[in-house]
Amino acid sequence: MDLVEESPYRFRIDRRDPMRVPGVVFAAEALLPEIGADGSLEQVAAVATLPGIVDASFVMPDVHLGYGFPIGGVAATDVAAGGVVSPGGVGFDISCGVRLLTADLDLAGLRPRLDAVMDGLAEATPRGAGRGAAWHLAGRSDVDGVLRDGSRYAVQRGFGVERDLARCEDQGALGDADPGAVSDRAIERGAKQVGSLGSGNHFLEVQAVTEVYDQRVAEVFGLRPGQVCVMIHCGSRGLGHQICADYVRRMERAMPRYDIQVPDRQLACAPVSSPEGQAYLGAMAAAANYARANRQLLTHVARLVFRRVTGAGLDVVYDVSHNQAKIETHGVDGERRSLCVHRKGATRALPPGHPDLPAELGEVGQPVLIPGSMGTASYVLTGVSGAPAFASTCHGAGRVRSRKQAVRAERGQDPREQLVAQNIAVRGASRRGLAEEMPTAYKDIDAVVEATEGAGLCRKVARLVPIGVVKG
DNA sequence: ATGTGC
């Protein structure tokens, strides 16, 4: 794929038929050799053919191959111009995202009790495929509560405090959720999984702040050097997965009716304004709320353990999704337009002064939470004014090897030993599960974050390192 | 990512 350098951190894929807009790759020169070998840039060009797409088909420096759409991608369609919504543009793990908690505790104070904290977290955190959850929903009214009101419902039921909600994207619940658009099968899969980590790259990590790049913003976020934090990375489990599968099938069948042709069946889509588009967005919002309730329950579990073992409380810095489509208003060619912004492996990053931010964050911008690969650093960033790509940035390190390749690369080595040698406590996960997530399988998170900052997508606020990790 | 794979 030919890339034209537009600036040091921005490369263009020129538009050619049937692309409607160009592709844009945000990356540093040094990352380019690791980008595109998997075919993800062909996916960028394919996404650019979607009806109603505006500006460009964007990807972040952590781009890699996904289902139809690349992971690390941002694509916005103009609702009034027949713009489409596509389940592949959100991904199977709907509203997968990250929540960061701060402990009123420093690393030195945690060290003597670290083993007890990790044992407590390991015992209390349901994880792995199909293994139960912290909260078993009792009947249809609980299910509807979670699907409609997300973290808000979890807090209402006693699994958190009101302040948590102010520090969540959408105040803890995405509007316009339609539980009626969610299949019985999806609900059946999800009912016993609220408050569970899942597997793959999902984790609950105890971290410590090692670097503060912006003192003023870090202070507003509640972060200081040496501070202990808890990062939770998980999604909508079997429920989101089932919804994605259901709607890919439904849209595949609907496309001829709207005379939509796509270069790849995995790009199945329907106009946002169509019955199929509306049903998907309603089901997707329900899954998004489920994922938020999931992170709220894991917050509750972590609080119980920290309180019991260390006496420390945990406050929410922020909770933000990196797999979601949202109807947002943005300027396009000097006009305010209603757009369906697909972010798949990309994080919303609101600039300072944005009306959707809670008052206490208004002056500094939205906290953006970026998990590194297992055993490497994570970042807290903030949104900046005038950024490209509809106020979005990266979501993590981004794979460079498939899971299978990662396991092969770790043959004859012990991933657990490698983490312990770095003084990182590990709980859970099979040898294979750990091998799939080793840093050699990912790009360098420091380089990815530097490229996003260089591209003017966000600004660094703080860097955190792992102390202990609970894996699915 | 996923009641993990044709």
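In what follows, chains are A, B, ... by sequence order, proteins preceding strands, each numbered from 1.
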Original post:
Are any of A:Arg237's side-chain N or O atoms less than 4.0 Å away from OP1 or OP2 of B:dT2?
Top reply: yes

Original post:
For the pair made of CG in A:Leu239 and C1' in B:dT2, what is the distance, rounded to whole Å?
Top reply: 12 Å

**OP:** Would you classify A:Arg185 as touching base, sugar-phosphate or nothing, given that sugar-phosphate means primed atoms plus P, OP1 and OP2, and contacts are heavy atoms under 4.0 Å?
**Re:** base

Subject >> Protein-nucleotide distance (A:Glu436, atom CD; B:dT4, atom P), rounded to Å >> reply: 14 Å

**OP:** Using atom CD1 of A:Ile71 as one end and atom P of B:dT2 as the other, report the distance to the nearest whole Å.
**Re:** 13 Å

**OP:** Could you check how far CZ of A:Arg127 sits from P of B:dT4, rounded to whole Å?
**Re:** 19 Å

Subject >> Rounded interatomic separation in angstrom, taking CG from A:Asn323 and P from B:dT2 >> reply: 11 Å

**OP:** Can you see which heavy atom on A:Gly428 is nearest to which on A:Arg416, and at what distance?
**Re:** O-NH2, 3.3 Å

**OP:** Could you check how far NZ of A:Lys404 sits from P of B:dC6, rounded to whole Å?
**Re:** 9 Å

Subject >> Value in whole Å for how far the C1' atom of B:dG5 lies from NE2 of A:His241 >> reply: 12 Å

Subject >> Nearest-Å distance for atom pair CG/C1', residues A:Asn294 and B:dT2 >> reply: 14 Å

Original post:
Strictly under 6.0 Å, is that where the ring centroids of A:Tyr247 and A:Tyr280 end up?
Top reply: yes

**OP:** Answer with base, sugar-phosphate or nothing: what part of the nucleic acid does A:Gly200 contact at a heavy-atom distance below 4.0 Å?
**Re:** sugar-phosphate

Original post:
A:His322 and A:His233: aromatic ring centres closer than 6.0 Å?
Top reply: yes

**OP:** Classify the side-chain pair A:Ser183/A:Asp246 by whether it contains a donor and acceptor separated by less than 3.5 Å.
**Re:** yes

